[in-house]
Amino acid sequence: MAVEMSSKGTSSTSTDRLGFLNFYFCCFLSLISSSSSSSSLVVAASPSPSQQLIISRFQQYLQINTAHPNPNYQEAADFILSQAKSLSLESQTLDFVNGKPLVLLKWPGKNPHLPSILLNSHTDVVPAEHHKWSHPPFDAHLDDHDGRIYARGSQDMKCVGLQYLEAIRKLKSSGFEPTRTVYLSFVPDEEIGGHDGAEKLADSDIFNKKMNVGIVLDEGLASPNQNYRVFYGERSPWWLVIKASGAPGHGSKLYDNSALENLLKSIEIIRRFRASQFDLVKAGVKAEGEVVSVNTVFLKAGTPSPTGFIMNLQPSEAEAGFDIRVPPTADPASLERRIAEEWAPVSRNMTFEFKQKASVYDKFGKPILSATDSSNPWWALLEGAVKKANGKIGKPEIFPAATDARYFRERGLPAIGFSPMANTPILLHDHNEFLSKDEYLKGIDIYESIISAYASYIGDTKDGASREEL
Ligand SMILES: CSCC[C@H](NC=O)C(=O)O
Ligand SMILES: [Zn+2]
Ligand SMILES: [Zn+2]
């Protein structure tokens, strides 16, 4: 693969646009909210000169503002390409979509016939409400007292992208040579669905005809305790809008089947369902990724007036939007029936549409899950490698939200979600997202161990494609 740089891209700046304009009333519930808490002040050890360089490279990447809706993808791509150059990795910029460079790096293995390893990370981040942060979200401020690096993307997931590269730097300087080829993909647009990023890569000729990928690593979540979290599947996003219509009428009149009365009945029913699922999690019967979540993300009704809303007119239309997440083990047909019969029934003058409805099944009609038993040797290798680097791994889980891993799993490829952040509150998409420098450095050692184990593995893989032709 030749080194080639893509043509110039966008430049941009703006950070604080949260797209909250609405003519009716509108409410927004944070999808993943967690407390930005914590807690004990630990005085950080001073880093060695080489650790300082590692941390400063992480800060540089975090300082590139790749927040939607105007991510500066070109600057991020240029930064990754400069790192690749310093590591003598082969590089290629894939411009599947104008202005959205996807950087693909390659560390060729000694046996090019063995299925390769793909280390994936996304370069985009979600927006931040700057004024609600204790440090500006694109300063990557390192707090000298507790060693925390505050930045949007510090957990999700610029940490992982650079940890891959730092691990390779260490492996290279120790003289390690991979047997399997290692690819790294730095993809755009994960946060808005991945259609112009990982999905295009997974559909491409280069991926399907050249790369011969056998295992994909992608993002996971921070763990507040000492065990790293690992993910073998994820819930499918269904974004549902339900609409009610009814006769308008005077604000003083009591009558049946007004649009808002009908919508509110549905909202009540949906809330009861939500509570039943949440109770299973609260009782410890099921994990977060094993129940159907449903959260109201907007409500829209009313007749606007220059001072707000007309107050004595009952509107003839009302709608609500829901973010629903469906576990791969759920029965999607029964949920669809519930929506049609209970949440948006014709009998209450209601209709519904999906803005997004990802299948829970792969192309073979099976739930999209990566095997965690002995049929998938990459699990045991990952566990062993983490242990070897003095890390601990929890039980495999279903990722509660969506990641790019689904585009690879859909094709029958094993994919593992893993972001080595232990002893860290879960702050993705939250204010004051941070990662401590020590956890970041530890994560590099963990990846060094994983990449070394994966790239040296010459055993059989499930697809039978490996050939021991050393
Ligand atoms: C419809 S794909 C959306 C992807 C997004 N990923 C991370 O937050 C999510 O909402 O889960
Ligand atoms: Zn992410
Ligand atoms: Zn995210």
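Counting begins at 1 with the first residue of the sequence. All values below were derived from every heavy atom in this structure, side-chain atoms included, with hydrogens, water molecules and symmetry-related copies excluded. Whatever order the structure lists them in is the order used to number ligands and atoms, beginning at 1.
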Trainee: What's the shortest heavy-atom distance between K100 and D189, and which atoms?
Mentor: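 In this case the closest contact between K100 and D189 is NZ-OD2, 2.5 Å.
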
Trainee: Within ligand 1, which atoms have a heavy atom of E190 less than 4.0 Å away?
Mentor: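 Listed by number with element, the hits are 4 (C), 6 (N), 7 (C).
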
Trainee: Is the gap between the ring centers of Y150 and W133 under 6.0 Å?
Mentor: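 No.
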
Trainee: As an exercise, identify every atom of ligand 1 less than 4.0 angstrom from a heavy atom of P237.
Mentor: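 Checking each atom against P237, I get 1 (C).
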
Trainee: Go through the side-chain N and O atoms of N212 and S116 and say whether any donor and acceptor fall under 3.5 Å apart.
Mentor: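 Distance-only check fails for N212 and S116.
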
Trainee: Which of the atoms in ligand 1, numbered in the order shown and given with their element, are less than 4.0 Å from a heavy-atom of Q356?
Mentor: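 The atoms of ligand 1 under 4.0 Å from a heavy atom of Q356 are 1 (C).
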
Trainee: Minimum heavy-atom separation for N227 and G394, please, with both atom names.
Mentor: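 Minimum heavy-atom contact is CB-N, 3.9 Å.
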
Trainee: Classify the contact between H195 and ligand 1 as side chain, backbone, both or neither, using a heavy-atom distance cut-off of under 4.0 Å.
Mentor: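 The answer is neither.
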
Trainee: Could you check whether K158 makes a cation-pi contact with Y61, meaning its NZ or CZ is under 6.0 Å from the centre of the six-membered ring and within 45° of the ring axis?
Mentor: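 Judged by the rule (NZ or CZ under 6.0 Å from the ring centre, within 45° of its axis), K158 counts as positioned above Y61.
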
Trainee: Taking only heavy atoms of H429 into account, list the atoms of ligand 1 that are under 4.0 Å away from them.
Mentor: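 Those of ligand 1 that fall under 4.0 Å from H429 are 8 (O).
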
Trainee: Using 2.8 Å as the cut-off, note every protein N, O or S atom close to the Zn ion (ligand 3).
Mentor: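 Near the Zn ion (ligand 3), below 2.8 Å, one finds D156 OD2, E191 OE1, E191 OE2, H429 NE2.
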
Trainee: Looking at F96 and L102, what are the two nearest heavy atoms and their distance?
Mentor: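 Of all heavy-atom pairs spanning F96 and L102, the closest is CE1-CD1, 3.9 Å.
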
Trainee: Taking the basic N atoms (NZ, or NE/NH1/NH2) and the acidic carboxylate oxygens, is any pair closer than 4.0 Å for K243 and E317?
Mentor: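 No, no charged N to carboxylate O under 4.0 Å.
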
Trainee: Run the numbers for me: atoms of ligand 1, each under 4.0 Å from some heavy atom of R406, listed by number.
Mentor: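 Those qualifying, in numeric order: 2 (S).
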
Trainee: First locate atom OG of S82, then atom CG of L87, and finally report the distance between them rounded to the nearest 0.5 Å.
Mentor: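 Nearest 0.5 Å value for the OG-CG distance: 9.5 Å.
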
Trainee: Side chains of H429 and D156: donor-acceptor distance under 3.5 Å anywhere?
Mentor: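 Yes, a side-chain donor-acceptor pair sits under 3.5 Å.
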
Trainee: Which ligand 1 atoms are under 4.0 Å away from a heavy-atom of G193?
Mentor: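 Checking each atom against G193, I get 2 (S).
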
Trainee: Mind checking whether A402 contacts ligand 1 via backbone (N, CA, C, O), side chain (CB onward), both or neither, at a 4.0 Å heavy-atom cut-off?
Mentor: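 It is both parts that get close, each with some atom under 4.0 Å.
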
Trainee: How close do W343 and I242 get, counting heavy atoms only, and between which atoms?
Mentor: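 Reported closest heavy-atom pair: O-CD1, 3.7 Å.
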
